[in-house]
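Labels below follow one simple rule: chain letters A, B, ... track the order of the sequence lines, proteins then strands, and each chain is numbered from 1. Keep in mind it's a predicted model, so treat the numbers as computed, not measured.
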Amino acid sequence: MNKTQIFEFFSRLAEANPAPRTELEYGNDYQLLIAVVLSAQATDVGVNKATRALFREVETPAQMVALGEEGLKQHIKTIGLYNAKAKNVIALSEILVRDFDGEVPRERDVLTTLPGVGRKTANVVMNTAFGEETFAVDTHIFRVGNRTGLAPGKTPLAVEQKLEKRVPGPFRRDAHHWLILHGRYVCKARKPECWRCIVADLCRYKPKTPAPATKAG
DNA sequence: CTCCCGATAT
DNA sequence: ATATCAGGAG
């Protein structure tokens, strides 16, 4: 995609969804951080189902430490990778209490020192909690960036760096949300729905299967 | 690179 | 049955 096409790409996504928001449910910065850690290789719907009850009991890292690893496991057993996530969330919460006065750090280099927090999770928190213009390249953005030709790259970091260079100023704040939502509901991994995609004419991907036949009324 | 790992869609 | 889901650690 050239510059003009990229501007058009985001202009359309912005018009279709002027105020995109994460679909993870949370009440404060700490709960957002935990929700994002839990969302690795899991659906937002599945994470929300578990955190609805969890976040009613736990609003602070101190309360998470009090709940304990086994208590947390009972809440998140329906989420994949729950053993490793429970261990990381408790360890992470202990560090926040001990070293950060219970607050969520704002710097990527600090966030990524926390157990269970990598570059993608740090970028989500920086963008969604603190309003930074970061690009959190998850499975959806990686796929959409490569499939469309917007930001091709062999690794998530390569895609992120290409987005840094290519996404125009007015769209930088919300670009990653638009791309995720587009990837989740239209540019899907298994069966992309190109026939109802509003940026299909800007995309290099050519679908192998046509739109499903519509019943004549 | 492998391992972690339940729910859901196809 | 299998691929996929807001990845990260060893």
Side-chain angles (χ1 to χ4, degrees), chain A residues 13 17 20-26 29-55 69-70 72-95 104-105 108-130 132-147 151 153-160 163 173-194 207-209 211-212:
Chain A
L13 293 181
N17 188 358
R21 206 172 82 78
T22 178
E23 296 188 332
L24 292 169
E25 298 172 2
Y26 64 98
D29 295 348
Y30 170 69
Q31 290 184 340
L32 171 65
L33 172 61
I34 299 307
V36 179
V37 170
L38 295 178
S39 71
Q41 297 294 286
T43 61
D44 282 14
V45 173
V47 171
N48 288 337
K49 189 187 293 184
T51 56
R52 218 117 55 194
L54 173 65
F55 288 166
E69 188 171 328
E70 291 307 315
L72 176 56
K73 279 186 187 178
Q74 293 308 311
H75 277 280
I76 66 173
K77 264 197 189 298
T78 54
I79 304 176
L81 317 180
Y82 70 91
N83 280 301
K85 289 174 181 175
K87 185 184 177 78
N88 283 334
V89 166
I90 296 301
L92 171 165
S93 300
E94 289 172 344
I95 293 171
V104 177
R108 177 157 51 215
D109 290 346
V110 179
L111 283 164
T112 52
T113 64
L114 300 172
V117 180
R119 188 183 182 90
K120 176 259 167 181
T121 296
N123 282 344
V124 173
V125 171
M126 290 167 68
N127 178 280
T128 302
F130 305 131
E132 304 266 343
E133 296 179 352
T134 54
F135 303 95
V137 179
D138 67 343
T139 183
H140 297 300
I141 296 189
F142 185 76
R143 180 181 64 253
V144 173
N146 278 293
R147 183 184 278 163
K154 291 178 181 173
T155 67
L157 181 59
V159 171
E160 179 184 333
L163 289 170
R173 179 70 57 89
D174 292 324
H176 97 264
H177 277 135
W178 283 316
L179 293 171
I180 284 171
L181 294 172
H182 187 64
R184 182 176 298 159
Y185 297 113
V186 181
C187 193
K188 300 189 285 188
R190 290 234 208 163
K191 209 181 76 170
E193 300 180 1
C194 304
K208 298 174 167 52
T209 57

Chemist: Using a 4.0 Å heavy-atom cut-off, does Val124(A) contact any base of the nucleic acid, only the sugar-phosphate backbone, or nothing at all?
Modeler: base
Chemist: What is the distance from CG of Leu32(A) to P of dA6(C), rounded to the nearest Å?
Modeler: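 After rounding, the reported distance stands at 15 Å.
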Chemist: When the distance from CG of Leu38(A) to C1' of dC5(C) is rounded to whole Å, what number comes out?
Modeler: 14 Å
Chemist: Atom CZ of Phe142(A) to atom P of dT4(C): distance rounded to whole Å?
Modeler: 13 Å
Chemist: If we take the C1' atom in both dT4(C) and dC4(B), what is their distance in whole Å?
Modeler: 16 Å
Chemist: Could you tabulate the donor-acceptor pairs under 3.5 Å formed by side-chain atoms of residues 118-126 of chain A, not counting sequence neighbours?
Modeler:
| residue | atom | partner | partner atom | Å |
| --- | --- | --- | --- | --- |
| Arg119(A) | NE | Glu160(A) | OE1 | 2.8 |
| Arg119(A) | NE | Glu160(A) | OE2 | 3.2 |
| Arg119(A) | NH2 | Glu160(A) | OE2 | 2.9 |
| Asn123(A) | OD1 | Arg108(A) | NH1 | 2.5 |
| Asn123(A) | ND2 | Arg119(A) | O | 3.4 |
| Asn123(A) | ND2 | Phe135(A) | O | 3.3 |
| Asn123(A) | ND2 | Glu160(A) | OE1 | 3.3 |
| Asn123(A) | ND2 | Glu160(A) | OE2 | 3.4 |

Chemist: Measure the distance from OH on Tyr185(A) to P on dT4(C) and round it to the nearest whole Å.
Modeler: 18 Å
Chemist: When the distance from CG of Leu33(A) to P of dG7(C) is rounded to whole Å, what number comes out?
Modeler: 15 Å
Chemist: Please tabulate, one pair per line, each protein N/O and nucleotide N/O from nucleotides 8-10 of chain C that are separated by under 3.5 Å, including the distance.
Modeler:
| residue | atom | partner | partner atom | Å |
| --- | --- | --- | --- | --- |
| dG8(C) | OP1 | Gly118(A) | N | 2.9 |
| dG8(C) | OP1 | Gly118(A) | O | 3.4 |
| dG8(C) | OP1 | Thr121(A) | N | 2.9 |
| dG8(C) | OP1 | Thr121(A) | OG1 | 2.6 |
| dA9(C) | OP1 | Gly116(A) | N | 3.1 |

Chemist: Just how far, in rounded Å, is P of dA6(C) from CZ of Arg21(A)?
Modeler: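 After rounding, the gap between these two atoms is 16 Å.
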Chemist: Compare side-chain N and O positions of Arg184(A) against OP1 and OP2 of dT4(C) and report whether any pair is under 4.0 Å apart.
Modeler: no
Chemist: Less than 4.0 Å between a side-chain N and a carboxylate O, is that true for Arg184(A) and Glu23(A)?
Modeler: yes
Chemist: State whether a side-chain donor-acceptor pair under 3.5 Å links Ser93(A) with Tyr30(A).
Modeler: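 Judged by distance alone, the side chains do pair up.
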Chemist: At under 4.0 Å between heavy atoms, what does Leu24(A) touch on the DNA or RNA strands: base, sugar-phosphate, or nothing?
Modeler: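 Leu24(A): base contact, heavy atoms under 4.0 Å.
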Chemist: Rounding to a whole Å, what distance do you find between Arg108(A):CZ and dG7(C):C1'?
Modeler: 16 Å
Chemist: Given the P atoms of dA6(C) and dT10(B), what is the spacing between them in whole Å?
Modeler: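 My reading of the P atoms in dA6(C) and dT10(B) gives 13 Å.
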Chemist: Quick test of your reading of the model: are Lys188(A) and Glu193(A) salt-bridged, counting only N-O distances below 4.0 Å?
Modeler: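 Salt bridge: yes.
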Chemist: I'd like to compare against my own output: the B/S/- annotation of nucleotides 4-10 of chain B with a strict under-4.0 Å heavy-atom distance to protein.
Modeler: BBBSSBB
Chemist: I need the CZ-C1' distance between Arg143(A) and dG7(C), as an integer number of Å.
Modeler: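 From Arg143(A) CZ to dG7(C) C1': 15 Å.
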Chemist: C1' atom, dT2(C) versus dC5(B): distance in rounded Å?
Modeler: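 It works out to 15 Å between them.
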